[in-house]
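Have a look at the structure below, then the notes.
Keep in mind the model is a prediction, meaning the values are calculated, not measured. In what follows, chains are A, B, ... by sequence order, proteins preceding strands, each numbered from 1.
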Amino acid sequence: MSLKIYNTLVRQKEEFKTIVEGRVNIYVCGPTVYGHSHIGHAKSYVSFDIVVRYLRYLGYKTLYVQNITDVGHLTDDADEGEDKIEKQSKKDRVHPMQVVETYTRSYFEDMDALGVVRPDISPRATGHIIEQIEIARDLIKKGFAYEKNGSVYFNVTKFKEYGKLSRRPPEEMEAGARVDVNPEKKHAADFALWKKAESEHIMQWQSPWGMGFPGWHLECSAMSMKYLGETFDIHGGGMENQFPHHECEIAQSECSTGKQFVKYWIHNNMVTVGGQKMGKSLGNVINLKDAFKKYSPLVVRFFILQSHYRSTLDFTDEALEGASKGLEKLLNTIRNLREEIEKLRKLEDRKIDAQDSSFKSQDSGFIDLAGFKKAFGEAMDDDFNTPQAIGILFDLNREVNTILAGGKTNMQTLQSIDALYNELGGTVLGIIPSHVETQTSSGADENDLIQFIIELRTEARAQKLWAMSDKIRDGLKNLGIVIEDKKDGTTWRRG
RNA sequence: GGCGCCGUACCCAAGUGGUAAGGGAGAGGUCUGCAAAACCUUUAUGCGGCGGUCCGAAUCCGCCCGGCGCCUCCA
């Protein structure tokens with residue numbers, strides 16, 4: 001088996017082949033930082049996090065670039081309207097760059113919480129004005145763009161392949177255009193590479209066409225090609241950006257270089273809330289910081305990965321609760337597994353001291369770890385099928401629980417299982433933390449106190465004082481400590 | 001109007017030609033003082049409907065019904 005990726009350019013799954021052997025260059029459209037991130041961002045960046053994690057897991061030396069859009073993204077994609085950052089800065093009465101800084105930090109804070117591995121390079125549009133001007137100049141020189149009143153527009157009629165990604169040729173655009181045609185443009189579908197700035201516009205730069213600022217699409221071409229080359233392997237982004245954003249990126253880049261821009265286009269689907277699209281105009285946007293108050297970031301991540309990245313994800317309390325329970329089940333097993341390993345380690349130390357070799361002869365249930373690993377890989381190879389991969393983790397879970405319950409274990413098997421969980425659920429999916437809290441994993445005074453209370457309860461139970469022992473258990477539960485009586489003693493966890 | 005997606009049990013969700021993964025919820029059982037956890041069994045002769053192709057279809061084709069998205073904002 002080898003990795004297959006659904007390429008929007010050809011609308012089907014293709015075998016993944018890198019441009020340079022063993023290396024992958026990937027660019028993903030980053031956020032426009034004028035507000036806090038919402039669950040749509042979470043779905044998008046968790047999805048691409050999986051792409052990057054899996055590529056690295058497969059051994060590809062992966063360079064991941066994701067931009068921060070801090071200028072040029074207008075409130076209207078038809079090159080009209082205000083700059084989003086400037087608009088927010090007026091609202092908050094702070095400098096645009098303060099808006100940018102505030103929400104960039106907020107973005108990374110949320111992504112870190114979700115376990116999203118940071119991009120290798122997070123370039124900002126304002127830091128690449130020179131590169132953007134250079135492409136605009138080049139396109140004018142080559143006859144693909146024209147200047148009008150201090151603004152520069154790309155002439156879509158000069159690029160016969162315009163529309164190849166979104167399958168939306170410009171001829172068809174004109175008829176159904178909803179927006180008024182900008183009189184500066186030769187064709188309704190022409191888009192801005194550079195916009196003339198009015199004097200009150202705070203963010204503006206010197207250019208060959210006077211003071212102005214870059215068009216939204218241009219930054220991605222400039223920054224991706226600067227760091228990844230004129231042709232690179234993967235470009236990702238949200239489905240809604242297929243048109244016009246990505247279509248425009250292709251036009252600018254390919255006309256400028258004369259080469260193919262990107263080999264594989266990956267687009268992730270959208271989040272709906274209660275069956276409806278999530279959008280500002282509908283007022284149903286769920287910010288991550290709010291969502292995290294109710295569901296842990298790990299639950300949100302797990303929930304996202306339980307559906308495929310090309311499917312829409314419906315955000316409902318019922319579904320999140322289900323995901324929360326499911327993840328708890330998975331992590332419970334990991335906790336029990338690691339506690340068992342801890343227990344055996346202590347036992348082993350003692351036995352070795354006593355020169356008793358009988359301990360090691362204990363047999364364990366057979367578990368086909370290689371088979372699970374293979375099945376997991378096949379799921380991921382099939383266009384990053386995380387729901388199926390998670391299903392396999394649950395299959396593994398059942399077998400591990402059976403082994404743990406049977407009590408016939410040995411160190412080596414348990415450690416191999418733990419290593420596999422770490423590899424598949426940890427490194428690749430990022431849903432199994434390397435440290436799941438156990439009663440032995442942290443040694444605070446509080447833990448000793450809990451242990452002491454449990455001992456008292458054990459004594460009460462020995463005397464069959466059920467009312468008392470139940471009272472202790474209920475009391476601890478109210479404090480967030482869950483007690484479980486097992487064959488060989490009582491364990492506890494924070495629940 | 002143009003382009004596209006989806007409809008799988010009570011809920012979420014894989015499966016895209018070979019006879020329905022997984023999670024949640026529910027039911028029964030084992031273990032346990034009880035509980036929890038765990039395990040076992042169980043819950044779609046059927047995958048929106050109707051036709052068609054095929055030895056064989058949830059999967060391919062056609063029509064119909066229903067829901068949604070992009071072409072404004074938004075990942």
Side-chain angles (χ1 to χ4, degrees), chain A residues 11 13 28-32 35 37-48 73-78 80-81 84 163 166-169 172-179 189 236-245 267-272 275-282 285 302-303 306-308 310-314 316 318-330 332-333 335-336 375 379 382 385-395 397-402 404-406 461 464-467 469-470 473-474 477 482-487 490-493 495:
Chain A
R11 307 282 165 116
K13 288 179 197 170
V28 172
C29 283
T32 301
S37 303
H38 49 67
I39 53 179
H41 291 103
K43 174 167 164 65
S44 182
Y45 299 118
V46 165
S47 297
F48 289 113
H73 197 173
L74 306 183
T75 55
D76 179 330
D77 277 348
E80 305 298 327
K84 292 179 178 184
S166 58
R167 313 223 164 163
R168 215 184 292 236
E172 289 176 18
M173 295 275 314
E174 246 172 332
R178 275 203 221 165
V179 289
M239 260 178 188
E240 82 287 356
N241 280 148
Q242 271 172 31
F243 186 90
H245 188 53
H267 290 98
N268 75 286
N269 217 317
M270 315 291 280
V271 170
T272 54
Q276 271 222 305
K277 76 165 291 191
M278 187 179 79
K280 291 217 165 54
S281 54
L282 289 165
V285 176
F302 179 75
F303 173 64
Q306 264 195 312
S307 81
H308 190 86
R310 280 191 288 114
S311 302
T312 51
L313 180 71
D314 194 34
T316 62
E318 203 179 3
L320 262 295
E321 295 292 349
S324 180
K325 294 259 179 62
L327 179 64
E328 196 183 319
K329 178 178 179 157
L330 195 62
N332 245 335
T333 299
R335 182 186 295 110
N336 291 151
D382 185 15
N385 194 332
T386 54
Q388 201 166 68
I390 288 173
I392 288 154
L393 245 34
F394 276 105
D395 290 337
N397 228 46
R398 191 182 305 115
E399 291 201 24
V400 172
N401 281 328
T402 303
L404 289 174
R461 291 182 68 219
K464 299 194 192 296
L465 299 170
W466 307 130
S469 62
D470 288 351
R473 184 172 60 201
D474 292 346
K477 191 176 184 185
V482 178
I483 285 196
E484 287 170 13
D485 295 325
K486 290 175 183 169
K487 281 198 181 84
T490 301
T491 63
W492 66 272
R493 63 186 160 89

Out of B:G23, B:A75, B:G69, which nucleotide sits closest to the side chain of A:Phe394? B:G23
When rounded to the nearest 0.5 angstrom, what distance separates CD in A:Glu399 from CZ in A:Phe394? 15.0 Å
Contact class for A:His38 (heavy atom, under 4.0 Å): base, sugar-phosphate, or nothing? base
Between the side chain of A:Asp382 and the main-chain N/O of A:Asn385, is any donor-acceptor distance below 3.5 Å? no
Phosphate contact (B:G15 OP1 or OP2) by A:Asn385 side-chain N/O below 4.0 Å: yes
Classify the nucleic acid contact of A:Gly238 as base, sugar-phosphate or nothing, counting any heavy atom under 4.0 Å across all strands shown. sugar-phosphate
Touch class at under 4.0 angstrom, heavy-atom based, for A:Gly275 against every strand present: sugar-phosphate
Please give the distance between the C1' atoms of B:U19 and B:C47 as a whole number of Å. 13 Å
Partner of B:U45 by Watson-Crick or G-U wobble geometry, both contacts under 3.5 Å, or none? none
Taking a pair to mean Watson-Crick or G-U wobble geometry with both distances below 3.5 Å, B:G7 pairs with B:C65
Kindly say if A:Asn401 contacts the phosphate of B:C39, meaning a side-chain N or O under 4.0 Å from OP1 or OP2. yes
CG of A:Asn269 to NZ of A:Lys43, rounded to nearest 0.5 Å, is 6.0 Å
Looking at B:G24, B:A21, B:G15, which one has an atom nearest to any side-chain atom of A:Asp382? B:G15
Would you indicate what A:Val285 reaches in the nucleic acid, counting non-hydrogen atoms under 4.0 angstrom: base, sugar-phosphate, or nothing? nothing
Among B:G22, B:A75, B:G69, the nucleotide that comes nearest once only the side chain of A:Asn241 is considered: B:A75
My understanding is that a pair needs two contacts under 3.5 Å, Watson-Crick or G-U wobble. By that rule, which nucleotide pairs with B:A38? B:U30
What N/O pairs connect the protein and nucleotides 28-33 of chain B at under 3.5 Å? Give each pair on its own line.
{"from": "B:G33", "atom 1": "O6", "to": "A:Arg461", "atom 2": "NE", "distance (Å)": "3.4"}
{"from": "B:G33", "atom 1": "N1", "to": "A:Asp470", "atom 2": "OD1", "distance (Å)": "3.0"}
{"from": "B:G33", "atom 1": "N2", "to": "A:Asp470", "atom 2": "OD2", "distance (Å)": "2.8"}

The side chain of A:Gln306 lies closest to which of these nucleotides: B:A37, B:C70, B:G23? B:G23
Strand partner of B:C55, provided both Watson-Crick or wobble distances fall under 3.5 Å: B:G18
Classify the nucleic acid contact of A:Met239 as base, sugar-phosphate or nothing, counting any heavy atom under 4.0 Å across all strands shown. nothing
The side chain of A:Ser307 is closest to which nucleotide in this list: B:A36, B:C73, B:A13? B:A13
Expressed as a whole number of Å, how far does the C1' atom of B:G15 sit from that of B:C6? 15 Å
Using atom C1' in both nucleotides, what's the gap between B:G33 and B:G28 to the nearest angstrom? 22 Å
Mind checking if A:Lys329 touches a base, just sugar-phosphate, or nothing, with heavy atoms under 4.0 Å? sugar-phosphate
Is it true that A:Lys477 and A:Asp474 have a side-chain N and a carboxylate O under 4.0 angstrom from each other? no
If we call it a pair only when both distances are under 3.5 Å in a Watson-Crick or G-U wobble match, what pairs with B:G1? B:C71
Among the candidates B:C70, B:G4, B:G22, find the nucleotide nearest to the side-chain atoms of A:Lys277. B:C70
Closest nucleotide of RNA chain B for A:Leu313 versus for A:Ala405: which of these residues is on the 5' side? A:Leu313
Parallel, tilted or perpendicular, judged at 30° and 60°: which one describes the rings of A:His38 and A:His41? tilted
N or O in side chain of A:Ser311 less than 4.0 angstrom from B:A14 OP1/OP2: yes
Which nucleotide wins on minimum distance to the side chain of A:Glu484, given the candidates B:A37, B:C70, B:A75? B:A37
Please work out if A:Ile392 contacts a base, only the sugar-phosphate, or nothing of the nucleic acid, heavy-atom cut-off 4.0 Å. nothing
Between B:G22, B:G24, B:C73, which nucleotide has the shortest distance from any of its atoms to the side chain of A:Lys325? B:G24
A:Pro387 side chain, from C-beta outward: closest of B:C73, B:A13, B:A36: B:A13
Rounded to the nearest 0.5 Å, what's the gap from CG on A:Asn268 to OH on A:Tyr45? Could you check? 8.5 Å
Just how far is it from atom NE2 of A:His308 to atom OG of A:Ser47, taken to the nearest 0.5 Å? 8.5 Å
Atom C1', compared across B:G56 and B:C40: separation rounded to whole Å: 34 Å
